[in-house]
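Below, each value reflects all heavy atoms present in this structure, side chains not excepted, and no hydrogens, waters or symmetry copies. Lettering follows sequence order; numbering is per chain, from 1.
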Amino acid sequence: MSLVLQSLPVIQKAVREPACDLCVMSADASPRDVCVTAQGSPSVVPRYAVVGKFPPSQKATQELGDYLTEVGLDPTEAVFMGAVKCRTWGTAPNRTIIKACKPYLHEELALLPDTVTHVLVMGNEALQAALGKSGITKYRSQEYEIQTFHPETKSARTLTAIPTIAHSAVSRNPGQLQGFMADLRYFAARVGGKEGGAAQVAPPKNIRYVLDKLELRRLKRALENADIVSYDIESASDHPGFLESDPSSKIVSISFTILSKDKKLSAWAVPLFHPQSPWRRIWERVLEFIREAFCKVPRSIAHNGKFDNRWLRQWGVERYLTFDTMLAAHLLNENRAKGLKPLAHTELGVPNWGIDTKDLLNVPIMEVLEYNALDTWYTYFLYRKFRRQLLEQKRLRAIFQRFFMPSANEFTGIERRGVWTDRKRLFTRYEEAKQKLAEIETKLREYVPEDHPYKLYDRQGNLKDDGVNFNASNFLRWLLFEHLGLPVIKRGKEKDDGSPGAPSVAEGVMMELAEIHPMAQLLIDRVEWYKFCTAFFAAYTELITADDRIHTTFKLHGTTTGRLSSGKENDGEKISAKKQVRGVNLQQVPRNKFIRGLFGAPPGSYFVEFDYSQVELRVAAELAHEPTMIHLYQTGQDIHMTMAMQMTGKPAHLVTKEERKKAKSVNFGFLYGMQWRKYIETAWNNYGLRVTEEEAQLFRKAFFLQFPELLVWHRKQRAMVAKYGRVESPLGRVRHLPDIYSPDREVKAEAERQAINSPVQSFASDMILISLVVLHKKFREMGLKARSIGTVHDALNLEIPENEMAVALPMIKEVMENLPLREWFGVELHVPIIADCKVGTHWGDAMELEEHHIHNWDPSILTTAA
DNA sequence: TATCCCTGCGCG
DNA sequence: AAAGCGCGCAGGGATA
């Protein structure tokens, strides 16, 4: 269908200013393209409006019209407007331009006929112009009001705006399509006049508010007769990280949606510590009253239930979670937004029912309870939908049941347990680090001139601060490249306006500058100590709990491949205006004794690390059926060492650990599609090694000559993703790569490399999750107190009592090297899988055990070796 | 003051 | 023409 657009005469007459010179755009445009106002189909009564970046062009509108048609909207019933009214080529609209043009748009909006009540706002520029907000990914998918008032016609209007991303962004990155279409469907339903959008699920007819003893007893009976319970807590804490063990932490309310054994559905909300709660003083007893009935319900559902379970466990409620809707959503589509609200929106068509959860204690109790109950209500309906989808996909279902949900439950314990931290070392070493940093900065200051253009003055003109900042600041760039006149070796990203990026002050650049100026080496050292102080010691000292342990949150939904991410509970959480809540990522603890030596096991136990040796290379060898690699592994050889020998030209016994580690990054680089140019950079940055272009090309060629099947496998993955738009790991984890259909070659090539990497990374990380759940079961069966305390991608960290070591070590090795892959997934490996073991009182001092020491544990080997 | 984007670097 | 993958945290600078 072709769409013919014309300017709407009423709006054009009132708004258009052909001589507009409020910004630079008009100078670039031909006269007829200056100040192009609202367009629509003549002789059709418009029913909705669309705001984009520019006035609609025929081609762009046609494309958009197809999307609109797909969700049931008639594009001829639309009024199209631009945030910027001039049609130009070459000039990108910045904030100043959008601001200048904004009044025109609001005049247009004020003049829209009454048949138009909803506005689709597409892209960040339109968002800025229509709503005065910036950050489309944050504001999309929700409803906002636009108040318009036209001074001449004296007409006031309230329009409902629904922002989404620009459809041009969708064409470039097809990965965005799903969320975009959900937004359009939602918009279409609202234009259609349906209250609550395209809601497929109605809210509960009534919510049972448990405010007295009678209702509490009824709730208990309902739980006793329940087949399924969906649950959710609201919590509050003075501790900014919301750690449940903080003395100030309380459960504000708890809610349930219950499906009884005779299939009746009901929603319940129980106020607990809320200030207006009738149970406030005895809330813990109320929880205890329903504890057993709640824990015995056969099936339990929650959205990110690991969080709720940690808090409930703090007050003695041990509820095993059988179905987590967030994790199911992630497994079914790793790319989508996983919050309850966005999922209810895209999957059930339910509009946001949110309240500001930051200040729950000051929200009226009934609002909190309703909100809390709706959370469980919609969680229940998400469960029904996702359960059906998982039942249809056997392999995903196996993953979900065999180890995804079990490991989620295991991480409840791991996060609560935390990792033991040597308090004494922590605080003394922090002081040492600060001292070291101060020494470096003293030396650096010798190169700072008395006069420099970065001094800061207060209002009285007194010197406030010396403006010296050795971080990657404008001051540092001035000092190095203007004052000292050192050469600019590399620049950052080009600016939007085409001007060159700022000179890079990264380590690789400093390594080159170190040959001509002594300051560069000092800066390299400073960066390291600064990072130690701020990102590690500051966070550790702040977050260590009274029992000498540091806790992190592991997200099972944190990555696209199935790896875990580790860090703070909520991204972007803040204490105050300036200060972020600190988080600890226990997967990025620096690999040196100074910092890894802070963590360990308390007296009476050992810190034990089992890691899969070269696991990604082994998996790649398996997936590629690479005969040389497989042979090397079957004969017990080390591919990283082979590469290290090639790079250094040293024989095996002279290659250092550090050199081998660096060769590793080169192997992974080539394995996953790195080109020779990037290899030159890698060799220099990681290795301090100068490689010529010829050498780089030779090395890469040699790598693939040695392992020729890898290239065949690369081709196979590229063909696979081109055909299906997705790839799968051997266990059936799916990585959707819609960007493979992008017209942008760079975007497409990126998707191809991801298609190569993903199955490998997925499989390797799933091996650790499987280890975790099998081991946990073994520990329980064998009555051991040994426990996992965390994972680091291909490694499992444990805390094992001294008297269990002899039994635990060989058992763990046996389990990890012989996972039930055939029994659970029908997968058979040809490459041997090896788990290496390190033991120590502290992580940093842990010693690698020889195979016979694993089978014949003797604590004295730790001391005799030292 | 709050937010966004970028740089830089810690880990696998 | 050019292209390793996967993360989280601290900080600077621009902008409204």
Side-chain angles (χ1 to χ4, degrees), chain A residues 94-96 98-99 124 128 132-138 469 471-477 490-493 495-496 501-510 524 527-528 530-536 538-539 552-553 555 558-568 571-572 574 576-592 595-596 611-612 615-616 620 661 664-679 681-682 685 700 714 735 745-762 764-765 768 791-795:
Chain A
N94 58 28
R95 289 187 186 191
T96 320
I98 289 162
K99 211 171 148 187
N124 201 41
Q128 288 175 47
K133 299 174 189 296
S134 183
I136 188 63
T137 51
K138 183 178 167 194
N469 180 351
N471 290 331
S473 62
N474 286 346
F475 166 80
L476 183 67
R477 294 188 169 99
K490 205 180 137 194
R491 282 183 180 276
K493 229 183 162 182
K495 304 265 171 61
D496 284 347
S504 168
V505 290
E507 191 179 355
V509 170
M510 289 303 138
I524 291 172
V527 164
E528 186 181 21
Y530 185 82
K531 179 99 176 160
F532 284 176
C533 285
T534 56
F536 301 112
T552 185
T553 304
K555 286 187 188 159
T559 77
T560 50
T561 57
R563 274 190 173 186
L564 306 189
S565 71
S566 155
K568 62 183 91 158
D571 298 345
K574 293 192 172 214
S576 62
K578 281 208 131 166
K579 223 174 168 198
Q580 295 273 333
V581 169
R582 286 197 189 277
V584 167
N585 179 342
L586 285 178
Q587 299 188 142
Q588 62 177 193
V589 179
R591 249 175 164 276
N592 60 54
I595 298 192
R596 279 207 178 177
D611 77 290
Y612 279 122
V615 65
E616 284 197 20
K661 186 195 148 196
K664 206 164 148 179
S665 71
V666 174
N667 277 337
F668 287 130
F670 287 150
L671 177 66
Y672 295 134
M674 182 168 65
Q675 303 298 305
W676 61 265
R677 261 174 220 284
K678 174 89 176 192
Y679 167 64
E681 217 179 301
T682 305
N685 287 340
R700 189 167 184 282
H714 282 191
R735 174 85 189 262
R745 297 179 62 159
E746 210 175 308
V747 173
K748 184 183 159 87
E750 194 179 348
E752 289 177 342
R753 293 192 300 274
Q754 289 163 333
I756 291 165
N757 170 275
S758 275
V760 180
Q761 206 182 96
S762 276
S765 53
I768 277 291
T791 60
V792 191
H793 306 307
D794 59 6

| query | Looking across every strand, which nucleic acid part, if any, lies under 4.0 Å from A/Q675 by heavy atom: base, sugar-phosphate, or nothing? | reply | base
| message | With hydrogens left out and only the distance checked, is there a donor-acceptor pair under 3.5 Å joining A/R591's side chain and the base of B/dG10? | response | no
| note | Rounded to whole Å, CG of A/D794 lies from C1' of B/dC11 at a distance of 11 Å
| task | Not counting sequence neighbours, which residues clear ring pair (Phe, Tyr, Trp, His ring centres under 6.0 Å) with A/Y612? List them please. | result | none
| said: Please report the distance, rounded to the nearest Å, between CD in A/E616 and P in C/dC7. | reply: 13 Å
| request: Name all residues meeting the ring pair (Phe, Tyr, Trp, His ring centres under 6.0 Å) criterion together with A/Y672; count only those two or more places apart in sequence or in a different chain, and write none if there are none. | output: none
| Rounded distance (Å) that lies between atom C1' of C/dA14 and atom NZ of A/K493 | 15 Å
| field | Residue list, side chain to side chain donor-acceptor pair (under 3.5 Å) with A/R700, at least two apart or on another chain | value | none
| request: Begin from the C-alpha positions of A/K531 and A/E507 and carry the test salt bridge (charged side-chain N to carboxylate O under 4.0 Å, His left out) through to its verdict. | output: CA-CA 13 Å; A/K531 179 99 176 160; A/E507 191 179 355; over 6 Å; no
| task | Could you summarise the pairing of DNA chain C as dot-bracket text, marking Watson-Crick and G-U pairs under 3.5 Å with ( ) or [ ] inside the strand and | across strands? | result | ....||||||||||||
| request: Using a heavy-atom cut-off of under 4.0 Å over every strand shown, decide if A/T560 touches base, sugar-phosphate, or nothing. | output: sugar-phosphate
| said: Under 4.0 Å, heavy atoms only, any strand: does A/E507 hit a base, just the sugar-phosphate, or nothing? | reply: sugar-phosphate
| task | Not counting sequence neighbours, which residues clear side chain to side chain contact (heavy atoms under 4.5 Å, CB included) with A/Q587? List them please. | result | A/F554, A/L564, A/S566, A/N585, A/T791, A/V792, A/H793
| request: Return no unless some side-chain N or O of A/S504 is found under 4.0 Å from OP1 or OP2 of B/dG8. | output: yes
| Heavy atoms under 4.0 Å, any strand shown: does A/R700 hit a base, just sugar-phosphate, or nothing? | nothing
| message | Nearest whole Å is fine: how far is B/dG10 P from A/H793 NE2? | response | 15 Å
| said: Using a 4.0 Å heavy-atom cut-off, does A/R596 contact any base of the nucleic acid, only the sugar-phosphate backbone, or nothing at all? | reply: sugar-phosphate
Pick out the pairs of N or O atoms, protein on one side and nucleotides 9-13 of chain C on the other, that lie under 3.5 Å.
from   : atom 1 : to     : atom 2 : distance (Å)
C/dC9  : OP1    : A/K568 : N      : 3.0
C/dA10 : OP1    : A/R582 : NH1    : 2.8
C/dG11 : OP1    : A/Y530 : OH     : 2.9
C/dG11 : O3'    : A/N471 : ND2    : 3.1
C/dG12 : OP1    : A/N469 : ND2    : 2.7
C/dG12 : OP1    : A/N471 : ND2    : 3.2
C/dG13 : OP1    : A/N474 : N      : 2.4

| request: Decide yes or no, distance alone: a donor-acceptor N/O pair under 3.5 angstrom between the base of C/dG6 and the side-chain of A/R563. | output: yes
| Between A/A539 and A/G583, what is the shortest heavy-atom contact and its length? | CB-O, 4.0 Å
| task | For A/V760, answer base if it contacts any base atom (sugar-phosphate contacts may also be present), sugar-phosphate if it contacts only those atoms, and nothing otherwise; contact means non-hydrogen atoms under 4.0 Å. | result | nothing
| said: Heavy atoms from C-beta onward define the side chain here; which of C/dG6, C/dG4, B/dG8 lies closest to that of A/A506? | reply: B/dG8
| What does A/Q754 touch in the nucleic acid at a heavy-atom separation under 4.0 angstrom: a base, only the sugar-phosphate, or nothing? | sugar-phosphate
| Does the C/dC7 base have a donor-acceptor partner in the side chain of A/Q587 within less than 3.5 Å? | no
